[in-house]
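FYI, side chains are in, hydrogens and waters are out, and symmetry mates aren't considered; it's all heavy atoms of this structure.
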2 protein chains.
Amino acid sequence: MNKNTRKDKIIAVAAKLFKEKGYSAITMRDIADKMEIKAASLYNHIQSKQEILDTIIIQIAEQFTAKMQTIVESKETTYQKLRHIIELHIDITIENADALAALNNDWMHLEGNLAYFIQMRDAYENNFRSILNTGIANGEIVARDPEIILFSLLSTLRTLYLWYTKKGGVDAKKLKEDMPETLLNGIIR
Amino acid sequence: MNKNTRKDKIIAVAAKLFKEKGYSAITMRDIADKMEIKAASLYNHIQSKQEILDTIIIQIAEQFTAKMQTIVESKETTYQKLRHIIELHIDITIENADALAALNNDWMHLEGNLAYFIQMRDAYENNFRSILNTGIANGEIVARDPEIILFSLLSTLRTLYLWYTKKGGVDAKKLKEDMPETLLNGIIR
DNA sequence: GTCTATATAGTGATAGAC
DNA sequence: GTCTATCACTATATAGAC
């Protein structure tokens, strides 16, 4: 996916800056400064600031969409499916935390791709919801309001990027063991 | 706290707009339009755009700080303390979801108050951590990595504002019953 | 691929009339 | 308390030389 072109470098640098202050607060000059070139030179590689944001967000959103489809269609138990969703979020967070920050915080600044993004996000949530509802129906999951369960899982998974980068050296393997325990089994003895 | 002055109205309108697109993307003209006045007129009530952000965020941060202090100093069980923290977040979310959005997403655009905010945020997290560690030490909480537990609780509580406004009619009472169950006891049967 | 120079359209904020 | 007019600055983006 990353071809190591000049364009990819610009997008990576931009994503990192967007994570720190948000899309709107970062200027083309900020991005250029970090690249050690002039702002005008950026336009030799990208068409607009907007294009940078689109590339960052849509790429990740499509990854989530594709993987979630595989999980939903599998014949596993609800518990196993939930574990796979948690691992999916951990994997993408480790691979591209900066892009996840943009997806979470700057999606509303999409323009041409806004409707496409919202459609993917809604479909993802609906797939997640249907997994939970199946689990409640077959007794694997406690019979509580599925919206509260969905929200509390999603909010933790979506903000993993905040926490993962903060403590640089978190072990992915340990995270994949402890996170499902904490989210699914609770913390009270 | 809200004296219903013109200034308070400006701050409330601004907070709502900041929630939708973030502090940096909202202009003084946007705020003025919603107030149905001209941008220049805003300056008769506030000193700067920055002052608006400061007022929104610091007010809420101080509320959290004060309430957390009370909870930490109480002689309750860990379980009861955690319930109180969850209720604190629910209460503030219900009362001022827009301000919470700014606190979560735009705190980095604070200037004079940035250090003060970070200090309050860190103190809050440390208090939360110490409650969890006490619970682990006395066996009330499972002996898992307290950082993962802290993160998963905090991330859900901090983003409650996203979800509460989306479904306008969520019952606070029901939320206060179901949320602690989901977060503390888990969802697997 | 990068530069300088520049066009065009905002931005936060002030001055002073009503 | 609001307005019009305006300032100084900054934004994204383009043109064309090297």
Can you tell me how far [atom2] of [N] sits from [atom1] of [X], to the nearest Å?
X: K38(A); N: dT10(D); atom1: NZ; atom2: P; result: 15 Å
X: H109(A); N: dA11(D); atom1: NE2; atom2: P; result: 16 Å
X: L42(A); N: dT14(D); atom1: CG; atom2: P; result: 12 Å
X: Y43(A); N: dA11(D); atom1: OH; atom2: P; result: 11 Å
X: N44(B); N: dC18(C); atom1: CG; atom2: C1'; result: 13 Å
X: I37(B); N: dG1(D); atom1: CD1; atom2: P; result: 10 Å
X: E51(B); N: dG12(C); atom1: CD; atom2: P; result: 15 Å
X: H45(A); N: dT2(C); atom1: NE2; atom2: C1'; result: 8 Å

Next item on the list: For the side chain of A40(A), starting at C-beta, report the closest nucleotide among dT2(D), dA15(D), dA15(C).
Entry: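 Comparing dT2(D), dA15(D), dA15(C) against the side chain of A40(A), the answer is dA15(D).
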Next item on the list: Please answer whether the main-chain N or O of T77(B) pairs with a side-chain N or O of E140(B) as donor and acceptor at a distance below 3.5 Å.
Entry: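 Flag not set: sc E140(B) to bb T77(B) has no pair under 3.5 Å.
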Margin query: Which residues pass the salt bridge (charged side-chain N to carboxylate O under 4.0 Å, His left out) test with D30(B), not counting sequence neighbours?
Written below: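 Scan of D30(B) (salt bridge (charged side-chain N to carboxylate O under 4.0 Å, His left out), adjacent residues dropped) gives none.
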Between [X] and [Y], does at least one N-O distance fall below 4.0 Å, as a salt bridge requires?
X: R83(B); Y: E76(B); answer: no
X: R121(B); Y: E62(B); answer: no
X: K7(A); Y: E51(A); answer: yes

Checklist line | NZ or CZ of K49(A) within 45° of Y43(A) ring axis and under 6.0 Å | finding: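 Output no; distance or angle outside limits.
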Checklist line | Residues in contact with DNA chain C, drawn from residues 23-36 of chain B - heavy-atom cutoff 4.0 Å | finding: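 Here the set is I26(B), T27(B), M28(B), R29(B).
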Notebook entry, point to check: Does OP1 or OP2 of dC3(D) have a side-chain N or O of S41(B) closer than 4.0 Å?
Noted result: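 The answer is yes; a side-chain N or O of S41(B) sits under 4.0 Å from OP1 or OP2.
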Note to self: Just N and O in the side chain of K49(A): are any of them under 4.0 Å from OP1 or OP2 of dT12(D)?
What the structure shows: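 The answer is yes; a side-chain N or O of K49(A) sits under 4.0 Å from OP1 or OP2.
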Check: Using 30° and 60° as the class limits, which term best fits the ring planes of H89(B) and F64(B): parallel, tilted or perpendicular?
Finding: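 H89(B) and F64(B): tilted rings.
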